[in-house]
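Each chain gets a letter, A, B and so on, in the order the sequences are listed, and its residues count up from 1.
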Amino acid sequence: MKEYIRLEILKALKKLDYPEKEFIIDEPKDKKFGDLSANIAMLLSKELKNNPREIAKNILDNLEMDSHKISKADIAGPGFLNFFVSDNYFKNELLYILGSEDYGKLNTNYGKTANIEWVSANPTGPLHAGHGRQVCLGKAIANLLEWTGYKVTREYYYNDAGNQMNNLAKSIRARYEQIFNPDFPFPQDGYVGEYIKEIANKIADEFKDKLVNSSDLEFFKNFGEKENFNKIIKTLEKFGIVHDIFYNETSLYKNGNIDELKNIFKEKNLSYENEGAVWLKMSGKFEKDKVIVKATGEPTYRLPDMAYHIDKIKRKFDLIIDIFGSDHFDTYKEVLFGVQSAGFDTDKIKVIIHQMVTFKKGNESFKMSKRSDNVYYLDDLIDDVGIDATQFFFIMRSANTHLDFDVELAKEQSDKNPVYYLQYAYARICGILRNAEENFESFKKFKLEDLNLDLIKDEYEMNLLKLLSRFPEEIEDTAKTLEPHRLISYLNIVAESFHIFYHNNRVLDLENPSLSFARLCICKAVQKILNSGFTIIGIKSPERM
RNA sequence: GUGCCCGUAGCUCAGCUGGAUAGAGCAAUAGCCUUCUAAGCUAUAGGUCGAUGGUUCGAAUCCAUCCGGGCAUACCA
């Protein structure tokens with residue numbers, strides 16, 4: 001509809017010999033200004049040295065609108081062109097919603113491939129609550145991309161060769177040794193969580209004291225990695241997240257990609273040795289050059305990260321998405337810089353940075369820290385508030401603002417909790433449909449062809465239809481910006497409008513079967529949109545609450 | 001110090017490709033259940049959009065400076 005109006009306005013501009021200019025067509029906040037509004041006249045006013053209202057009038061006089069689509073157009077305020085879309089347009093859209101399998105599913109990106117890499121926590125321990133934000137964001141974004149036509153590869157990258165993993169090995173070994181000798185020293189920067197002891201106990205159960213005084217750190221590392229990964233994957237499964245590919249750092253050594261990249265930097269004279277380490281020139285874009293290979297001969301995380309991104313580029317995805325917390329802000333810039341220096345195009349890579357999360361129980365807020373023993377794990381959070389509330393709370397705010405996660409509010413099984421507002425609307429509709437199915441024999445024989453659209457005229461009904469027809473556009477916007485919280489705002493308005501509709505219009509009425517059927521159809525359409533929306537943002541559609 | 005993010009109602013936050021009277025949820029106050037789920041609806045109250053300048057027909061939105069908070073600034077990842 002927006003496009004239609006835009007085209008017609010452009011035609012009118014041509015007729016008037018006005019210059020063509022980019023302008024905005026948008027829904028005005030106030031309904032009295034119509035369904036859509038264009039600001040073209042104000043934008044032209046300076047160039048034409050004329051009063052915007054007069055320009056608007058000229059445009060309006062030269063507009064030829066199809067009355068089936070636009071019932072009225074007028075001028076208001078400083079020179080807005082306001083359009084009133086005809087009710088029939090929305091009613092036809094209702095038929096379309098009811099008739100199509102997945103209204104709002106776009107084919108904009110049909111045939112394209114996307115890779116989304118997220119979570120990517122190293123297997124040094126279970127996911128903590130703070131990880132939840134990117135876990136949930138990534139899940140929603142991956143769904144969203146699929147909904148717009150992308151073939152999506154979900155990927156998890158982890159470092160299994162670095163210092164952190166050595167640290168894990170040492171920590172587990174120390175806990176294991178302590179079982180037999182309580183005085184065995186624990187490494188200074190070791191991981192102090194209880195889960196390390198659990199892993200140590202498991203080793204002791206299986207191998208008894210055979211590994212005491214063992215220098216086989218590799219064994220402890222592999223054992224720990226496997227244990228931690230099982231836990232991480234179990235947590236992800238609770239969200240229904242399944243990664244297609246787990247990509248580990250080690251494979252980049254095995255296939256020679258890291259050596260190859262090292263050579264590219266050397267040949268291009270972008271790296272140099274100093275104090276035994278290899279440094280990458282950051283050519284003034286960063287404060288100083290960065291180490292890519294330590295004096296010990298071990299690469300820092302940067303080099304494998306760069307090699308990994310180059311690998312993703314070589315796999316020819318049309319879109320490559322990374323999700324990181326803001327604490328990785330600098331590293332991703334370094335990595336992209338390195339990839340570019342090596343001669344690869346990073347245009348396809350989009351990085352989503354989310355800000356940190358603070359958790360609040362009542363007035364007490366607490367932060368995540370792996371160093372402390374007292375960690376709030378993602379599993380704990382899920383146990384506390386449930387999977388849907390977790391998913392919802394993590395994505396209901398824009399990723400680039402700090403998130404205050406109110407655990408008490410999320411736990412609340414009541415009207416206070418914003419998740420239930422949405423889900424309740426859905427459950428209510430299911431209730432009505434059940435009622436129709438069970439108690440009103442007469443509706444069963446109605447078919448879509450029997451729907452009398454003339455019976456829909458009430459403002460609450462029309463309001464809903466207008467909202468529903470906006471769904472595809474909302475999907476497109478949300479997908480373009482990769483900001484799932486926008487979709488939540490929209491679904492909120494849909495739910496609200498439904499509740500108001502419900503309150504004012506009795507749906508099932510034996511005296512008025514045709515009207516009841518019409519309203520039932522509206523309910524079904526709302527149900528479809530809500531269900532699609534919930535599926536994308538990643539929460540359930542409960543039939544009863 | 002430098003880079004990035006944030007500062008909007010008592011609290012948590014939407015709104016930001018400039019547009020008409022700044023929105024929602026929670027909290028507060030007052031109403032609505034013999035009728036499809038009251039996890040709902042209705043109404044009232046609540047604001048110098050951090051501050052100051054600028055850009056223009058028009059700024060919460062763009063620019064500059066300043067103030068406040070977060071994150072980063074490792075031969076950890």
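For A:Phe324 and A:His354, the distance between ring centers is not under 6.0 angstrom. Checked against a 6.0 Å centroid threshold, the rings of A:Tyr376 and A:Phe359 count as neighbours. Aromatic pair A:Phe229/A:Tyr158: ring centres closer than 6.0 Å. Aromatic rings from A:Phe246 and A:Tyr156 are positioned such that their centres are separated by under 6.0 Å. For A:Phe33 and A:Phe80, the distance between ring centers is not under 6.0 angstrom.
A:Gln164 contributes a side-chain N or O that forms a donor-acceptor pair with the base of B:C76 under 3.5 Å. A donor and an acceptor atom sit less than 3.5 Å apart, one in the side chain of A:Glu275 and one in the base of B:C75. For A:Gln355 and B:G69, a side-chain-to-base donor-acceptor distance below 3.5 Å is absent, hydrogens and geometry of angles not being considered.
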Produce the list of close N/O pairs, under 3.5 Å, pairing protein atoms with atoms of nucleotides 17-20 of chain B; give distances to one decimal.
unit_1 : atom_1 : unit_2  : atom_2 : d
B:G19  : N7     : A:Asn39 : ND2    : 3.3
B:A20  : OP2    : A:Lys29 : NZ     : 3.1
B:A20  : N6     : A:Ser37 : OG     : 2.7
B:A20  : N6     : A:Asn82 : OD1    : 3.0
B:A20  : N1     : A:Asn82 : ND2    : 3.2

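Separating the C1' atom of B:A22 from that of B:U61 is a span of 11 Å, rounded to the nearest Å. Between the P atoms of B:U12 and B:C75, the separation comes to 37 Å (whole Å).
For the pair A:Arg428 and A:Phe498, the cation-pi criterion (under 6.0 Å, within 45° of the ring axis) is not fulfilled. In this structure, A:Arg470 fails the cation-pi test against A:Tyr490, since its NZ or CZ atom is not both closer than 6.0 Å to the six-membered ring centre and inside 45 degrees of the ring normal.
Annotation: side chain of A:Asp35 is in contact with side chain of A:Lys466 (closest heavy-atom distance under 4.5 Å). Within the 4.5 Å cutoff, no side-chain heavy atoms of A:Lys170 are placed close to those of A:Phe220.
Atom OH of A:Tyr420 and atom P of B:C26 are 14 Å apart (whole Å). If you take NZ of A:Lys288 and P of B:U73, they are 10 Å apart, rounded to a whole angstrom. Regarding A:Lys361, its NZ atom lies at a distance of 20 Å from the C1' atom of B:C11, rounded to whole Å. Here B:G23 presents its C1' atom at 16 Å from CE of A:Met396, a figure rounded to the nearest Å. Following rounding to the nearest Å, A:Tyr490 (OH) and B:G15 (C1') show an atom-to-atom distance of 18 Å. Between A:Phe405 atom CZ and B:C26 atom P the separation is 17 Å, expressed in whole Å. Between the OH atom of A:Tyr272 and the P atom of B:C75 there is a distance of 11 Å, given to the nearest Å. Counting to the nearest Å, the P atom of B:G25 and the CZ atom of A:Phe393 are 14 Å from each other.
As judged by a 4.0 angstrom heavy-atom cut-off over every strand, A:Thr401 is placed among residues touching the sugar-phosphate backbone only. Using a 4.0 Å heavy-atom cutoff across all strands shown, A:Lys32 reaches at least one base atom of the nucleic acid. Using a 4.0 Å heavy-atom cutoff across all strands shown, A:Ile500 reaches sugar-phosphate atoms only and no base atom. At the heavy-atom level, A:Asn505 lies under 4.0 Å from base atoms of the strands shown.
For B:G15, one of the phosphate oxygens OP1 or OP2 lies less than 4.0 angstrom from a side-chain nitrogen or oxygen of A:His485. Within the structure, a side-chain polar atom (N or O) of A:Arg428 is placed less than 4.0 Å from OP1 or OP2 of B:A38. Taking 4.0 angstrom as the limit, A:Lys333 places none of its side-chain polar atoms (N or O) nearer than this to OP1 or OP2 of B:U73.
With its glycosidic angle more than 90° from 0, B:C71 is assigned anti.
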Reading 5' to 3' and counting Watson-Crick or G-U wobble pairs with both distances under 3.5 Å, write the dot-bracket notation for RNA chain B, | for bases paired outside the strand.
(((((((..((((.....[...)))).(((((.......))))).....(((((..]....))))))))))))....

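A heavy atom lying under 4.0 Å from RNA chain B marks the following residues of residues 321-329 of chain A, by number: A:Ser326, A:Asp327, A:His328, A:Phe329.
Side-chain N/O atoms of A:Asn417 and A:Glu412 include no donor and acceptor closer than 3.5 Å.
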Given A:Arg486 and A:Glu474, is the salt bridge (Lys or Arg N to Asp or Glu O under 4.0 Å) satisfied, shown in steps?
CA-CA 8 Å; A:Arg486 287 169 177 247; A:Glu474 294 289 335; over 6 Å; no

